[in-house]
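Input: a single structure, listed below in structure tokens.
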Amino acid sequence: VPGRLFGYLAQIGLMLLFFEFSPWMLSSWYDLITGRAPTGERQPWSHSIAVGISVALSVLLVNILVNMLTLFLGMGVPTSSIPKTPIEYIVLVPMFIVAGVLEESIFRDWFYKGLKSRLKPFFINIVQASFFSAAHLLNPGAHAIELLQYLPTGLMFGIAYQKAGLRAAVSAHLIRNLIILFGPKLFGLKFTIIVFPALGIVAALLWWHAKWLKKATRQSSQRGSATTSSSRTNPPAASSPAAYSLFRYSSGVAVSVNR
């Protein structure tokens, strides 16, 4: 535990150092809270979590395939940082959560905002995933073979960020970590048979809710625009000639100002 704990503390310290002096620090937290995507569109929380679940499950499938491939080639299976004792869970689980938030804020959000004026999103994703993979080699006992795990993981988290924002990437990272931490412990080696379908159903329900919410918001915005347009073109029911004259005068002033 002390060796792994030191490795995690070192990573978090470096992340906090970069994050603290990043000019996009406040912007990152704003994106995380509001669900704003790089496109400027704000995504509902249900959409962010649905994307997070979908990407997390995809990442886990890739990780399983990589484990099978490396085992077949006789290269061994990448080591895992799954806690084994209650004390390790108490110490490492909160650190996994904090590290997940900071990693997404730096590697996805910080890299994208710093490089978007120089590189296309495709190349930004490759750069951030490469740095993300290399950073995990700081873990005590880490082996170069773990790059086969972390490189596709970083790429998929980057896609989640670019398509749905920081909140979706953080959701994917945290869900993936929590599944790895508690899935085998609660359900044994066959946890994928239980966890994957259950989370798939949850993701489908969240997708439906996000679609419904976007549709309702769009209809409300259209009704508001129609009401505003109607109030500008149609005079109100005036109770006196003075009120009607005042409306006509204000409309003329607005037209002259717009011109």
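- Residue Ser133 holds its OG atom at 4.5 Å from CG of Leu151, rounded to the nearest 0.5 Å.
- Side-chain heavy atoms closer than 4.5 Å link hydrophobic residues (I, L, V, M, F, W, Y) into clusters, and following such links, even through other members, never connects Ile49 to Trp208.
- The distance from atom CG of Leu65 to atom CG of Leu148, rounded to the nearest 0.5 Å, is 12.5 Å.
- Grouping the Ile, Leu, Val, Met, Phe, Trp and Tyr side chains by contacts below 4.5 angstrom, directly or via other members, places Trp207 apart from Leu213.
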Enumerate donor-acceptor pairs with a distance under 3.5 Å from any side-chain N or O in residues 50-62 to protein atoms, sequence neighbours excluded.
unit_1, atom_1, unit_2, atom_2, d
Ser54, OG, Ala50, O, 2.9
Ser58, OG, Ser54, O, 2.9

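- Grouped with Ile90 in a hydrophobic cluster is no other residue, since no side-chain heavy-atom contact under 4.5 Å to another Ile, Leu, Val, Met, Phe, Trp or Tyr is found.
- Considering NZ of Lys211 and OG of Ser46, their distance stands at 13.0 Å, rounded to 0.5 Å.
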Report task. Apply side-chain contact (heavy atoms from CB on, under 4.5 Å) to the pair Asn125 and Phe111, showing each step before the final yes or no. Result -> CA-CA 9 Å; Asn125 203 20; Phe111 269 79; over 6 Å; no
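- Grouping Ile, Leu, Val, Met, Phe, Trp and Tyr by side-chain contacts under 4.5 Å, direct or through others, puts Leu205 with Ile201.
- Closest approach of Leu119 and Ile124 over heavy atoms only: O-CD1, 3.5 Å.
- The pair Asp31-Arg42 does not meet the salt-bridge criterion, since no charged nitrogen lies less than 4.0 angstrom from a carboxylate oxygen.
- Side-chain contact between Lys214 and His47 is present, with heavy atoms from C-beta onward closer than 4.5 Å.
- Taking the ring centroids of Phe131 and Phe107, they lie at or beyond the 6.0 Å cut-off.
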Query - His173/Arg108 under side-chain contact (heavy atoms from CB on, under 4.5 Å): CA gap, chis, key distance, verdict - result: CA-CA 11 Å; His173 200 139; Arg108 257 58 77 180; 4.2 Å; yes
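- Considering CD of Glu104 and CH2 of Trp110, their distance stands at 15.0 Å, rounded to 0.5 Å.
- The same ILVMFWY cluster, assembled from side-chain heavy atoms under 4.5 Å apart, contains both Ile180 and Phe196.
- Remark: Arg176 CZ to Leu181 CG distance equals 9.0 Å, nearest 0.5 Å.
- Shown here for Phe96 and Asn177, the closest heavy-atom pair between the two residues is O-ND2, 3.8 Å.
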Extract all donor-acceptor atom pairs below 3.5 Å that involve side chains of residues 153-169 and protein atoms in other chains or at least two apart in sequence.
unit_1, atom_1, unit_2, atom_2, d
Thr153, OG1, Asn63, ND2, 3.4
Thr153, OG1, Gln149, O, 2.7
Tyr161, OH, Asp109, OD1, 2.6
Gln162, NE2, Pro121, O, 3.1
Arg167, NE, Ser48, OG, 3.2
Arg167, NH1, Ile33, O, 3.0
Arg167, NH2, Gln43, O, 2.6

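- In this structure Phe123 satisfies the ring-ring contact (aromatic ring centres under 6.0 Å, His included) test with no other residue, sequence neighbours excluded.
- Between the Gln219 side chain and the Ala216 main chain, no donor and acceptor come within less than 3.5 Å of each other.
- Contacts classified as salt bridge (charged side-chain N to carboxylate O under 4.0 Å, His left out) and involving residues 116-133 (residues at least two apart or in different chains) are not found.
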